[in-house]
Amino acid sequence: MKVVLLAGGFGSRISEESQFKPKPMIEIGGMPILWHIMKEYAHYGHREFIICAGYRQEYIKEWFANYFLHNSDVTFDYRDNKNDMTVHCSNCEPWKVTVVDTGYNTMTGGRIKRIQKYVGDEPFFMTYGDGVCDVDINKLLEFHKSHGKIATLTAVKLAQDKGILNIGGDYAVKSFREKNIGDGAPINAGYMVLEPEIFDYIDSDDCVFERGPLEKLVEKGELMSYIHKGFWQCMDNVREKVMLEKLLAANAAPWKKWEREVPKEY
């Protein structure tokens, strides 16, 4: 199944770094957080990605354009007026990555609508490019298939200032509202599974996915929640970035299910 990643926002709350690059390309442990999210999905066998780029979209394209070269052993041969490159071995993942310029000021719903032709008429995963999680992706997919609704989102209980969910006993989402201080209600952590019918709920570039489309799905009883009791953390500011880096350096990152040396300087 294809994985759609929202990576086009400005990341103004972490402007110390996002003034130079999109927030999903800010590094933790020497690699962009977007790469960490992709590694999560790839661990469960999902290796085809569609990245909804916008702000500084050229940075994302150039990073992936150079990824194979930077992760390979190569010989450059300029002898006898040649310009040959031989790849001896590569540590690149077997991924297919489509980077789409979904517009500079496009809202989240509009970005998803713009990649419809790359998704096709099939269900797909979707998440935000700035949060890591240790959710079992295939169990999430299994839950989504079991209820037959248009959309499933992953819900977690954390002390965060995100929009929260009113969830019924059948795990259907009943409503959205703003979070109160100290509120222990579940929040939308992303990591969604969406049926292709979702595109019918998005009408323009100005559509905020978390408002119109999801609220309409709630009204129709078509939005379900997969309750995740494990780890989830977004990277909205430098403090959260440092926290994620420390988890990686201590080899205690719950989302890291692959083997890879982590830089020691963090």
Side-chain angles (χ1 to χ4, degrees), residues 1-12 14-15 17-72 85 87 90-133 137 190-194 196 198-199 202 204-210 234-236 241 255 258 260:
M1 252 171 72
K2 297 181 178 71
V3 182
V4 173
L5 301 163
L6 290 177
F10 297 104
S12 56
I14 191 169
S15 59
E17 293 200 42
S18 62
Q19 60 180 312
F20 306 110
K21 64 184 75 170
K23 184 166 73 166
M25 299 305 291
I26 295 174
E27 295 180 356
I28 53 174
M31 297 295 280
I33 191 171
L34 183 68
W35 178 89
H36 286 264
I37 298 167
M38 295 166 74
K39 289 286 284 187
E40 294 177 57
Y41 281 97
H43 175 77
Y44 292 98
H46 307 286
R47 301 185 178 96
E48 187 169 350
F49 302 96
I50 301 169
I51 300 175
C52 301
Y55 168 69
R56 299 299 301 270
Q57 53 90 23
E58 71 282 354
Y59 189 102
I60 301 176
K61 292 176 179 176
E62 290 168 4
W63 193 90
F64 281 102
N66 292 317
Y67 186 53
F68 183 85
L69 178 63
H70 292 172
N71 288 274
S72 304
M85 182 180 78
V87 178
S90 174
N91 295 316
C92 272
E93 290 82 358
W95 296 348
K96 179 180 180 182
V97 183
T98 302
V99 183
V100 183
D101 181 2
T102 57
Y104 196 77
N105 294 305
T106 310
M107 297 291 102
T108 49
R111 295 191 190 282
I112 294 170
K113 182 71 171 181
R114 285 202 185 193
I115 53 87
Q116 181 175 2
K117 64 180 179 181
Y118 299 103
V119 169
D121 189 24
E122 59 186 51
F124 61 99
F125 294 106
M126 193 283 288
T127 196
Y128 305 100
D130 61 356
V132 286
C133 184
I137 299 296
Y191 287 85
M192 302 181 188
V193 187
L194 304 171
I198 193 64
F199 294 115
I202 305 171
S204 70
D205 280 356
D206 296 327
C207 173
V208 178
F209 186 67
E210 300 76 14
C234 63
M235 186 186 66
D236 275 341
K241 167 183 157 66
W255 72 91
W258 61 92
R260 177 178 171 271

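Computed from a predicted model, the values in this text were never measured in an experiment.
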Could you tell me which residues satisfy side chain to side chain contact (heavy atoms under 4.5 Å, CB included) with [X], sequence neighbours excluded, listed by chain and number?
X	result
Asp101	Gln57, Lys61
Ser72	Phe68, Val74, Val87, Ser90
Met25	Lys21, Pro22, Pro32, Leu34, Tyr59, Ile60, Trp63
Asp205	Thr106, Arg114

message = Show me the pairs that pass salt bridge (charged side-chain N to carboxylate O under 4.0 Å, His left out) and involve residues 121-130, at least two apart or across chains.
response = Lys2-Glu122, Lys23-Asp130

How far apart are the closest heavy atoms of [X] and [Y], and which atoms are they?
X	Y	result
Pro196	Pro123	CD-N, 3.7 Å
Leu69	Met85	CD1-SD, 3.8 Å
His46	Met1	ND1-N, 3.8 Å
Tyr128	Gly190	CE1-CA, 3.7 Å
Arg111	Cys52	O-SG, 3.9 Å
Gly110	Ile202	N-CG2, 4.1 Å

key: side chain to side chain contact (heavy atoms under 4.5 Å, CB included) between Phe124 and Ile198, intermediate numbers included   = CA-CA 10 Å; Phe124 61 99; Ile198 193 64; 3.9 Å; yes

[X] side chain to [Y] main-chain N or O, any donor-acceptor pair under 3.5 Å?
X	Y	value
Arg47	Met38	no
Lys113	Phe199	yes
Thr102	Ala53	yes

query = Which value, rounded to the nearest 0.5 Å, describes the distance between Glu93 atom CD and His43 atom NE2?
reply = 13.5 Å

inquiry  = Less than 4.5 Å apart, side chain to side chain, heavy atoms only: is that true for Leu5 and Thr127?
reply    = yes

ask   = Side chains of Ile33 and Val132: closer than 4.5 Å at any heavy-atom pair?
value = yes

ask   = For Leu6 and Phe209, what are the C-alpha separation, side-chain angles and deciding distance, and is it a side chain to side chain contact (heavy atoms under 4.5 Å, CB included)?
value = CA-CA 11 Å; Leu6 290 177; Phe209 186 67; 5.9 Å; no

key: Partner set under ring pair (Phe, Tyr, Trp, His ring centres under 6.0 Å) for Tyr41, not counting sequence neighbours   = Phe125, Tyr191

note = Which of Trp258, Phe49, Trp255 passes ring-ring contact (aromatic ring centres under 6.0 Å, His included) with Trp35? It is Trp258

